[in-house]
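Side chains are part of it too, since the values below use all heavy atoms of this structure and drop only hydrogens, waters and symmetry mates.
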Amino acid sequence: MAASLGFRGAASGLWYWSGRRRPVGSLAAVCSRSMASKTPVGFIGLGNMGNPMAKNLMKHGYPLILYDVFPDVCKEFKEAGEQVASSPAEVAERADRIITMLPSSMNAVEVYSGANGILKKVKKGSLLIDSSTIDPSVSKELAKEVEKMGAVFMDAPVSGGVGAARSGNLTFMVGGVEDEFAAAQELLECMGSNVVYCGAVGTGQSAKICNNMLLAISMIGTAEAMNLGIRSGLDPKLLAKILNMSSGRCWSSDTYNPVPGVMHGVPSSNNYQGGFGTTLMAKDLGLAQDSATSTKTPILLGSLAHQIYRMMCSKGYSKKDFSSVFQYLREEEPF
């Protein structure tokens, strides 16, 4: 694998030296390692997750070539000395290792196969890692197109949310050619504490979809339990404490509690701003529904969770964090 990594680095012809001029302070200050042996990494998609992920690559000394459909989000990176491209194609022209973090299958297809997409300029031997959560079938089709260009595609969706993205503790679920896993792992370990090889292209997406379906179900269950306890006269902090020392404990109750005031530093205590949006959860549950249909798998609670999050989107919750299901339930008329 060392030879493969060396080839990728040499292919770009873009080497950086340790004396590269960078502004002092703010974002630039985190880049403490020498750049001498680091070739640039392309990063496309600087939203709630992509932004901190890119910053963690910077912390590990990787120069970046960035692109986002909203140029303003690239400003802080440019001020820190990073390079900003005008299109995904330009990123592919200037970097031979690229990570994409995009909202949907449609966005991924556009970034890879669009008029100014990665495949217009991708170099042979390039490694393309997609950390978006998209339909596994789309990942497989993109992999075929990338392979035709002599490059390598791997799907590597993430779990852990914005907090884990900031702290570099994401879990990556990776699908693709096993021989290329070590090359991807080198970059992904800069952003995550768990990097798991799942199998062929698409299996990473399948693992992520299963995880998010379970997350949605557990969040709804936590919200219902908390709402029932509060309406029954229990103090919410006391109830959360009891749940978290009992068999009902789960990530939604002990790390991301949906009740305002129970925990600090989570969206529920910030008017459900930031975090993982309700629209994105509804999208992921739709992917789970599609996968269940194609595999003839019953997902009774998954289907109900999908229905609930779709209703939330239609009732003004689309831009709120998915834990706002608690607020949604509080506002519903009693049965």
Side-chain angles (χ1 to χ4, degrees), residues 1 4 42-45 49-50 53 88 92 97-114 117-119 122 125-160 170-189 191-192 194-217 276 280-299 302-303 305-306:
M1 292 313 301
S4 174
F43 203 105
I44 300 173
M49 295 292 290
M53 289 168 65
R97 291 182 291 177
I98 301 172
I99 297 169
T100 53
M101 188 61 169
L102 306 162
S104 69
S105 297
M106 184 183 303
N107 297 123
V109 170
E110 179 64 23
V111 163
Y112 280 89
S113 304
I118 291 171
L119 295 180
V122 69
S126 292
L127 175 62
L128 311 179
I129 303 171
D130 182 36
S131 288
S132 318
T133 300
I134 61 175
D135 191 317
S137 66
V138 173
S139 292
K140 293 174 185 177
E141 287 302 314
L142 290 176
K144 290 178 183 177
E145 294 300 313
V146 170
E147 186 178 3
K148 290 177 184 177
M149 304 300 292
V152 175
F153 177 92
M154 304 190 86
D155 60 305
V158 305
S159 178
L170 290 168
T171 292
F172 286 88
M173 294 151 270
V174 185
V177 179
E178 189 169 8
D179 288 346
E180 300 290 342
F181 175 63
Q185 190 175 24
E186 175 198 345
L187 295 177
L188 300 181
E189 285 184 340
M191 303 174 284
N194 299 295
V195 182
V196 183
Y197 180 71
C198 299
V201 170
T203 56
Q205 296 294 351
S206 295
K208 172 61 185 293
I209 289 168
C210 291
N211 177 79
N212 276 22
M213 182 179 73
L214 179 58
L215 174 61
I217 293 168
F276 185 63
L280 291 175
M281 179 55 85
K283 181 263 294 184
D284 288 357
L285 289 167
L287 294 176
Q289 189 71 67
D290 292 342
S291 182
T293 299
S294 65
T295 58
K296 298 181 180 179
T297 304
I299 53 165
S303 295
H306 186 208

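Scored by the side-chain contact (heavy atoms from CB on, under 4.5 Å) test, Ala288 finds Ile209, Met213 as partners (sequence neighbours excluded). Lys140 meets the salt bridge (Lys or Arg N to Asp or Glu O under 4.0 Å) test with no other residue; sequence neighbours excluded.
No donor-acceptor pair closer than 3.5 Å links the side chain of Tyr112 to the backbone N or O of Gly114. Without hydrogens or angle criteria, Tyr197 side chain to Val177 main chain gives no donor-acceptor distance under 3.5 Å. Between the side chain of Lys208 and the backbone N or O of Asp284 there is no donor-acceptor pair closer than 3.5 Å. Gln205 places a side-chain N or O within donor-acceptor distance of the main-chain N or O of Ser132, the cut-off being under 3.5 Å.
With respect to the salt-bridge test (charged N to carboxylate O, under 4.0 angstrom), the residues Lys144 and Glu147 do not qualify.
No side-chain heavy atom of Val122 sits under 4.5 Å from any side-chain heavy atom of Val146.
Nearest heavy atoms, Met173 versus Val158: CE-C, 3.8 Å. Shown here for Gly45 and Leu102, the closest heavy-atom pair between the two residues is CA-CD2, 4.3 Å. Contact between Met154 and Ala184 at its shortest, heavy atoms only, is SD-CB, 3.7 Å. Contact detail for Ala108 and Asp130: the closest heavy-atom pair is CB-OD2, 4.5 Å. Shortest non-hydrogen contact noted between Ala200 and Asp155 is O-OD1, 4.4 Å. Residues Pro136 and Ser206 come closest through the heavy atom pair CG-OG, 3.8 Å.
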Full working for side chain to side chain donor-acceptor pair (under 3.5 Å) between Asp290 and Thr293: CA-CA 5 Å; Asp290 292 342; Thr293 299; 5.5 Å; no

